[in-house]
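For reference, the structure is listed below as structure tokens.
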Amino acid sequence: MRDRITGAKALMRALQAEGVKTIFGYPGGSIMPVYDALFDYTRGEKKCFDHILVRHEQGATHAAEGYARVSGEVGVALVTSGPGATNTLTGVADAMLDSTPMVVIAGQVAIGALGTDAFQEVDLVGVAQPISKWSYQIRHAEDVAWAVSRAFYIARSGRPGPVVLDFPRNAQVEEIDWEPKHVDFVRSYVPYPILDDDAVRQAAALINGAQRPLALVGQGVELGNAQEELKAFLEKADIPAGRTMLGLSALPSNHPLNVGMLGMHGNYAVNLKEQECDVLIAIGMRFSDRVTGNLKTYAKQAKVIHLDIDKSEIDKNVKTDVAVVADCKESLPAITALLNPCSHQAWRESFRPLDEQEREKVIEPAIHPKDGPLLMGEVVNAVAEQAADDAVLVTDVGQNQLFATRYFKYHHKRSICTSGGLGTMGYGMPAAIGATFGAPDRQVCCFMGDGGFQMCIEELGTIMEQQAPVKMILLNNHYLGNVRQWQDMFWMRRKSFTKMMNPCYELIAKGYGISYLAVEKREDLKEAVEKMLATSGPFILECAIKEEDNVLPMTPPGMNVNEMMLEI
């Protein structure tokens, strides 16, 4: 007997075959047949999916990103056509720049109506193509199984990224004989390059001859699940390592070879030492402008070794002496096997005076101020000191992101969700929702400024409905703080439209039935954090922050990386 089903039901079976457990979505007219099929798969004996109804399609993509970041699985977003589809594009671009595996499935008008300016018709494949790993229109039901399998293969393999599937209504309702498909090969797509043994030998020789080696650790280590391989590599050759913002949890905060965060607002010593090292080893990172500063002067004294799975990153920004193009889970142990056990104690000790300068001038005043209003750094530090060792940090974008990533503690892999490449305000809350589903046994602490909080405030409805246990720390300074800081530093203190009038967040929390507490006084902070973390379910902790709190250190835009400022 033939197993004859609709394209919509074929989608359910194809998602089930890919191991999908959670879908973040928002229904609408052009995706209604799929949602009707989904109904049976979310309840009763046939249940295999949890569907999380978000309040905005952009929220669906950020939630899918948060889910993917902490779980290592592909995040899934399901939306309708037209504005539903275009609302996902910010999340798609965000996932592309941050190499987050995600599949967005969007409804579309029937193929007979394409090109007629039909209601809620948008050329989604055309607009998504430049910002996705692959975009494809499923024009016939018989192509569903193949397209879904191919989408997940592309999204999760090699350097991960987002895939967009455009699903016209006719293909959703057509009937076909179900036949499962499995795609594990795409012609001209080589997700895992073959490791070049000569490059491995050249890299090992440079490292063995180095007097002042420095490793730059990026998110590629997390994406490749190579955290243990990284530690073995660093420890054998005694190499100090800085981490990019997205790579912060690839190496524990308390590891003796961890020398801090790289970048514009990273740690002082490691940024200056990039200009003194003799061998620079970049591992799964892309030499972002926020890391390198002025490229014309960046690390010109060093031999550069670049380990990356994506060949297009090699020589894109920084000229490489040795390129090892492969999965770092394979390349790191291959190089480690050829390394001589070594000690670089004098080189590592040279970081300490610079670390002490930063601690005295920046860190201690930021996390242990003696008087005045609350500071962002001390709030982050207070949460970090009481949070679980495996807590997940989620941030929005702005000063809250920079303070949170600097002062949180990382003990466990996949412990940070933040928008790095695109810098998307409104990312934090929905990404935190996704993280609670991707890592249900871990504490999720989400830091947001008042600007970013209001960009995604509708997702409080999702948190309310799901009782997602997000601990939301609202750092309220009544400003778009990061823009205000730049205006003060570089635009003659002309604060053009960065001051914010804010609503009563207590009433908003009450309306959504979410536990809330406000903190204004320093002496109340520790107890408030303790109460937040001890409360089951979601919680909003609003902290009244000094209005003109500044993030330091800072390398001004366009300046050399070693021209980092400890004070303004």
Side-chain angles (χ1 to χ4, degrees), residues 72 99 156-160 190-210 212-253 255-262 270 274 277-287 291 302-315 318 320-344 347-348 410 412-416:
S99 303
R156 65 164 62 103
S157 61
R159 181 179 184 174
V190 183
Y192 301 102
I194 297 172
L195 184 63
D196 184 338
D197 292 337
D198 285 340
V200 169
R201 284 191 288 269
Q202 291 174 39
L206 277 180
I207 297 168
N208 283 333
R212 301 181 304 281
L214 179 62
L216 312 183
V217 177
Q219 189 193 197
V221 173
E222 296 264 58
L223 297 174
N225 295 308
Q227 296 89 351
E228 294 305 314
E229 289 81 359
L230 172 69
K231 284 192 278 189
F233 167 79
L234 297 174
E235 289 166 4
K236 185 173 183 181
D238 196 33
I239 301 172
R243 298 107 78 227
T244 67
M245 183 180 287
L246 294 183
L248 282 170
S249 62
L251 188 68
S253 297
H255 193 284
L257 291 173
N258 164 37
V259 290
M261 184 171 81
L262 301 162
V270 67
E274 287 178 274
C277 66
D278 58 359
V279 175
L280 193 68
I281 310 123
I283 308 168
M285 55 88 72
R286 57 190 177 87
F287 286 113
V291 167
K303 296 290 186 181
V304 177
I305 302 169
H306 196 169
L307 281 62
D308 207 285
I309 199 169
D310 186 354
K311 188 177 181 180
S312 70
E313 289 297 338
I314 305 301
D315 294 334
V318 172
T320 301
D321 293 283
V322 177
V324 185
V325 182
D327 188 337
C328 61
K329 195 171 182 67
E330 181 183 10
S331 61
L332 278 171
I335 295 171
T336 303
L338 301 179
L339 295 182
N340 301 323
C342 198
S343 172
H344 294 291
W347 166 236
R348 287 190 291 103
Y410 310 93
H412 193 280
K413 64 183 182 180
R414 295 188 176 274
S415 291
I416 181 169

Subject >> Heavy-atom neighbours of Lys329 NZ exceed 12 at 6.0 Å >> reply: yes
Original post:
Any donor-acceptor pair under 3.5 Å linking the side chain of Asp238 with the backbone of His344?
Top reply: yes
**OP:** Check whether any side-chain N or O of Asn208 sits under 3.5 Å from a backbone N or O of Asn340 as a donor-acceptor pair, and report yes or no.
**Re:** yes
Original post:
If you round to the nearest 0.5 Å, how far is CG of Leu206 from CG of Asp278?
Top reply: 9.5 Å
Original post:
In Å and rounded to the nearest 0.5 Å, what is the CZ to CG distance from Arg243 to Leu230?
Top reply: 10.5 Å
**OP:** Using a 4.5 Å cut-off on heavy atoms from C-beta on, say whether the side chain of Leu338 contacts that of Val200.
**Re:** yes
Subject >> Residue pair Glu229, Thr336: steps toward the side-chain contact (heavy atoms from CB on, under 4.5 Å) verdict >> reply: CA-CA 9 Å; Glu229 289 81 359; Thr336 303; over 6 Å; no
Subject >> Rounded distance [0.5 Å steps], CD1 in Ile335 versus CD in Glu330 >> reply: 10.5 Å
**OP:** Check the pair Ser253, His255 against side-chain contact (heavy atoms from CB on, under 4.5 Å), reporting the backbone distance first and the verdict last.
**Re:** CA-CA 6 Å; Ser253 297; His255 193 284; over 6 Å; no
Subject >> Heavy-atom closest pair, residues Ser331 and Leu307 >> reply: OG-CD2, 3.6 Å
Subject >> Pro193 side chain near Ile309 side chain, heavy-atom distance below 4.5 Å >> reply: yes
**OP:** Please report the closest heavy-atom contact between Pro213 and Trp347, naming both atoms and the distance.
**Re:** O-NE1, 2.7 Å
Subject >> Presence of salt bridge, Glu313 and Arg286, under 4.0 angstrom >> reply: no
Original post:
With a 4.5 Å heavy-atom cut-off, do Phe233 and Pro333 have their side chains touching?
Top reply: no
**OP:** To the nearest 0.5 Å, tell me how far Ile281 CD1 sits from His306 NE2.
**Re:** 12.0 Å
Subject >> side-chain contact (heavy atoms from CB on, under 4.5 Å) between Met245 and Gln219, intermediate numbers included >> reply: CA-CA 8 Å; Met245 183 180 287; Gln219 189 193 197; over 6 Å; no
Original post:
With side chains defined as the heavy atoms from C-beta onward, is the minimum distance between Tyr192 and Ser157 less than 4.5 Å?
Top reply: yes
Subject >> Asn225 to Arg414 - nearest heavy-atom pair and separation >> reply: OD1-NH2, 3.6 Å
Subject >> Partners meeting side chain to side chain contact (heavy atoms under 4.5 Å, CB included) with Ala241 (sequence neighbours left out) >> reply: Ala215, Val217, Leu234, Leu251
Original post:
Which heavy atom of Cys277 sits nearest a heavy atom of Leu214, and at what distance?
Top reply: CB-CB, 3.9 Å
**OP:** Decide yes or no for Phe287 and Val304: does some side-chain heavy atom of the first lie under 4.5 Å from some side-chain heavy atom of the second?
**Re:** yes
Original post:
Can you check side-chain contact (heavy atoms from CB on, under 4.5 Å) on Ile305 and Thr320, steps first, answer last?
Top reply: CA-CA 6 Å; Ile305 302 169; Thr320 301; 5.9 Å; no
**OP:** Hey, could you give me the OG1/CG distance between Thr244 and Leu262, rounded to the nearest 0.5 Å?
**Re:** 6.5 Å
**OP:** Answer yes or no: is there a side-chain heavy-atom contact under 4.5 Å between Pro341 and Lys236?
**Re:** yes
Original post:
How long is the gap from CD1 on Ile207 to CD1 on Ile239, to the nearest 0.5 Å?
Top reply: 5.0 Å
**OP:** Please tell me if the side chains of Val291 and Met285 come closer than 4.5 Å, counting only heavy atoms from C-beta onward.
**Re:** yes
Original post:
Which pair of non-hydrogen atoms, one from Ile283 and one from Cys328, has the smallest distance, and what is that distance?
Top reply: CG2-CB, 4.4 Å
Subject >> Check: Leu195 and Val324 side chains under 4.5 Å, non-hydrogen atoms >> reply: yes
Subject >> Any pair counted as salt bridge (Lys or Arg N to Asp or Glu O under 4.0 Å), so long as it reaches residues 213-227, sequence neighbours left out >> reply: none
Subject >> Heavy-atom closest pair, residues Ala237 and Cys342 >> reply: O-CB, 3.9 Å
